[in-house]
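Report on the structure given below.
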Amino acid sequence: MITRSKILSKQIVAFTFGAFIVTMIYAGCESTPEKRIENAEEGLHEAKKEIKEAIKDARTAYRDEWHTFQFEMEAKIRDSEYRMNELKRKMVKADGKTKSKFDKEIEAVERQNENLKHRLAEYKDEGKEKWDEFKTDFAREVEIIEKSLSDLTDLQKK
């Protein structure tokens, strides 16, 4: 999956390369060597400034991605809690064997959900690779909880 920061990184490299080429072509058209050097230094200074701005934009995009992910996952966790409460409410009238099986399974799902809440709240930025790993693992675990809740819903309907 191509992330926003990968796209920005590619754009930074392409932009820097383009700025360097334009500077070199422009510098080559000047009449005196001193003027060419002066123009090249100005172009290099501008390119450095633009790289710094692009890096700052990439960091901002990374933070925005984290906040969006955090918001989406918190919403899914709350939804899971709501679904579990609804299932518990509906299973009050179930027979002993079904209720016992259901209670064990819902308890396991509740523990998983609580674990995810804590992991999300305690996440510390440790770099892009760790972030990608965390994001993938976390999303997979949320999907497992959603599947478990669907299975419990099917059990409740029987």
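Values below: every heavy atom of this structure, side chains too, minus hydrogens, waters and symmetry copies. Numbering of residues begins at 1 and proceeds along the displayed sequence.
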With sequence neighbours left out, what residues match [X] under side chain to side chain donor-acceptor pair (under 3.5 Å)?
{"X": "E141", "value": "R119"}
{"X": "E107", "value": "R111"}
{"X": "K88", "value": "E110"}
{"X": "K117", "value": "E81, E114"}

Considering all heavy atoms, the nearest [X]-[Y] contact:
{"X": "L152", "Y": "F102", "result": "CD2-CD1, 3.9 Å"}
{"X": "F69", "Y": "L120", "result": "CE2-CD1, 4.4 Å"}
{"X": "Y123", "Y": "K130", "result": "OH-C, 4.4 Å"}
{"X": "N113", "Y": "I77", "result": "ND2-O, 3.3 Å"}

Check: W131 and E126 side chains under 4.5 Å, non-hydrogen atoms: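 Side-chain contact under 4.5 Å: no.
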Heavy-atom side-chain contact between W66 and D125 under 4.5 Å: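 Sidechains of D125 and W66: no contact.
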Listed partners of E133 passing side chain to side chain contact (heavy atoms under 4.5 Å, CB included), at least two apart: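 By the side chain to side chain contact (heavy atoms under 4.5 Å, CB included) rule, E133 matches D137.
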Side chain to side chain contact (heavy atoms under 4.5 Å, CB included) partners of K99, counting only residues at least two apart: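 With neighbours one apart ignored, the set is A94, D103.
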Value rounded to 0.5 Å, distance of CG in L87 from CD1 in I106: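 Nearest 0.5 Å value for the CG-CD1 distance: 5.0 Å.
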Pairwise distance CE(M84) to CG(D79) - rounded to 0.5 angstrom: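 So the gap between those two atoms works out to 9.5 Å.
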Donor-acceptor pairs under 3.5 angstrom involving side-chain atoms of residues 142-149: please list them, not counting sequence neighbours.
unit_1: K147; atom_1: NZ; unit_2: D151; atom_2: OD1; d: 2.8
unit_1: K147; atom_1: NZ; unit_2: D151; atom_2: OD2; d: 3.4
unit_1: S148; atom_1: OG; unit_2: I144; atom_2: O; d: 3.0

Qualifying ring-ring contact (aromatic ring centres under 6.0 Å, His included) pairs with a residue from residues 70-95, counting only residues at least two apart or across chains: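 Not a single pair qualifies under ring-ring contact (aromatic ring centres under 6.0 Å, His included).
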